[in-house]
2 protein chains.
Amino acid sequence: MLRVSKLTDYATVVMTCLAMTGAEVTSAQQLADAARLELPTVSKLLKQLAHAGLVTSRRGVNGGYCLARPAEAISVADIVTAMEGPIGMTECSAHAGACGHEPHCGVRVNWQRISQAIRSALQGVSLADMVATPPRRPAGIPLRVASH
Amino acid sequence: MLRVSKLTDYATVVMTCLAMTGAEVTSAQQLADAARLELPTVSKLLKQLAHAGLVTSRRGVNGGYCLARPAEAISVADIVTAMEGPIGMTECSAHAGACGHEPHCGVRVNWQRISQAIRSALQGVSLADMVATPPRRPAGIPLRVASH
DNA sequence: TCCATTCAGGACCGAAATTGTACTATTTAG
DNA sequence: CTAAATAGTACAATTTCGGTCCTGAATGGA
């Protein structure tokens, strides 16, 4: 179905919550409540996000997480990459030499191009856009693909 | 890693082979040889493609498959949809009501927008583009996302 | 008519990834 | 020193994916 994993989906929700609370640190428990998810799940994905440098953590009492950068500077592509690794539609789009068919594979170049297009689409949406979440928004998020 | 399944990947290769052989019917065995894949695998995905109406089949001696439409009229999106179902990055992008978080989920609308962008990117590449497979192509396949 | 060829439609199994949870260690504020 | 909270790791259950095989139906030729 060509979809991101649930954990990635949850990550966007949690990051959105984090972006909305302002700059103060927020504990995993509070985020779990806000996102209506289980604490262990939220905890798990926050660790991954911290490891990728998208959030910073503070341990100890009154610890928690906050965005490492302004919401405008974090894209959906960043979140997806943090949770799932490099974005590539096929194995050979991300890691060359893993396929064995490459020498006589005419579609490889095109998949790389497609992957790049999708990467661009994901980079074009920032966390700030996600927070805005307009019922209807006139200008729209810049997500149109160039017509041809 | 946000990728299509191997079977989908194989499907694009087989479809490309089919587009290159011209209009005569080609047996699954010939396609398997051309794509360097196992016959059962090729057979399986061709059935799916036939079911989706992308290829037509002829049974019996000298039977085989051929494209149901000109290569220009078949997009990568068609192939992905045939193999994996509707393109949606999250569960709620494809089927509403399956999530339970929808009432208080601010990111849903944005995921739908992102999914649409990816759908467009995949629709922008036809099988004819895949066949062209240029070592380097000046104009390039129309895959740029509108800058903003 | 009979037979070889080739697709149609399932059924099946093993491998791998995903999900969700749990447990222990480490850090920090008071 | 203690309670709060993250870091890191491990694990079982579930689901999906990849690949194979088998039986049935259609087609063309001997």
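Chain naming here is simple, since letters A, B, ... match the order of the sequence lines and numbering starts at 1 in each.
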Q: Roughly how far, to the nearest 0.5 Å, is the CD1 atom of B/Ile118 from the CD1 atom of B/Ile87?
A: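 Taking CD1 in B/Ile87 and CD1 in B/Ile118, the distance rounds to 8.5 Å.
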
Q: B/Arg58 has an atom CZ; how far is it from atom C1' of D/dG28, in whole Å?
A: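 Distance, rounded to whole Å: 9 Å.
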
Q: Does a donor on one side chain and an acceptor on the other come within less than 3.5 Å for B/Asp78 and B/Thr81?
A: no

Q: Between B/Val4 and B/Met83, is there a side-chain heavy-atom distance shorter than 4.5 Å?
A: no

Q: Would you kindly give the NZ-to-C1' distance between B/Lys47 and D/dT23, to the nearest whole Å?
A: 11 Å

Q: Say you draw a straight line from CG of B/Leu18 to CD of B/Gln30; how long is it, rounded to the nearest 0.5 Å?
A: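 Rounded to the nearest 0.5 Å, the CG-CD separation comes out at 10.5 Å.
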
Q: In this structure, how many angstroms lie between the C1' atom of C/dT21 and the NZ atom of A/Lys44, rounded?
A: 8 Å

Q: What's the CZ-P distance between A/Arg3 and D/dT16, to the nearest Å?
A: 7 Å

Q: Have a look at A/Glu38 and say if it touches a base, only the backbone sugar-phosphate, or nothing, with a 4.0 Å heavy-atom cut-off.
A: sugar-phosphate

Q: Does the side chain of B/Thr41 get closer than 4.0 angstrom to OP1 or OP2 of D/dG18 through an N or O atom?
A: no

Q: Go nucleotide by nucleotide along DNA chain C from the 5' end; which of B/Ala28 and A/Gly60 gets its closest nucleotide reached first?
A: B/Ala28

Q: For the pair made of CG in B/Leu49 and C1' in C/dC7, what is the distance, rounded to whole Å?
A: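 It works out to 14 Å between those atoms.
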
Q: Between the side-chain atoms of B/Lys6 and the base atoms of D/dG18, is any donor-acceptor pair under 3.5 Å?
A: no

Q: For a quick check, tell me whether the side chain of A/Arg59 and the base of C/dT26 share a donor-acceptor pair closer than 3.5 Å.
A: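 Side chain to base: pair present.
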
Q: I need the CD-P distance between A/Glu84 and C/dT18, as an integer number of Å.
A: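 To the nearest whole Å, that distance equals 7 Å.
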
Q: The side chain of B/His51 is closest to which nucleotide in this list: C/dT19, C/dG9, D/dT6?
A: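 Of the options given, the side chain of B/His51 lies nearest C/dG9.
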
Q: By nearest nucleotide on DNA chain C, pick out whichever of A/Val4 and A/Val61 is the more 5' one.
A: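 By nearest-heavy-atom nucleotide position, the 5'-most residue is A/Val4.
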
Q: Please report the distance, rounded to the nearest Å, between CG in B/Leu39 and P in D/dG19.
A: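 These atoms are roughly 14 Å apart.
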
Q: Is B/Tyr65 close to B/Val14 at the side-chain level, that is, under 4.5 Å between some pair of heavy atoms?
A: no

Q: Give a yes/no answer on whether the side chain of A/Ser5 brings an N or O atom under 4.0 Å of OP1 or OP2 in C/dT19.
A: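 A/Ser5 to C/dT19 OP1/OP2: side-chain N or O found under 4.0 Å.
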
Q: Take atom CD of B/Gln30 and atom P of C/dC7, then tell me their distance rounded to the nearest Å.
A: 9 Å

Q: Distance check: side-chain N/O of A/Tyr10 vs OP1/OP2 of C/dG20, anything under 4.0 Å?
A: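 Yes, within the criterion.
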
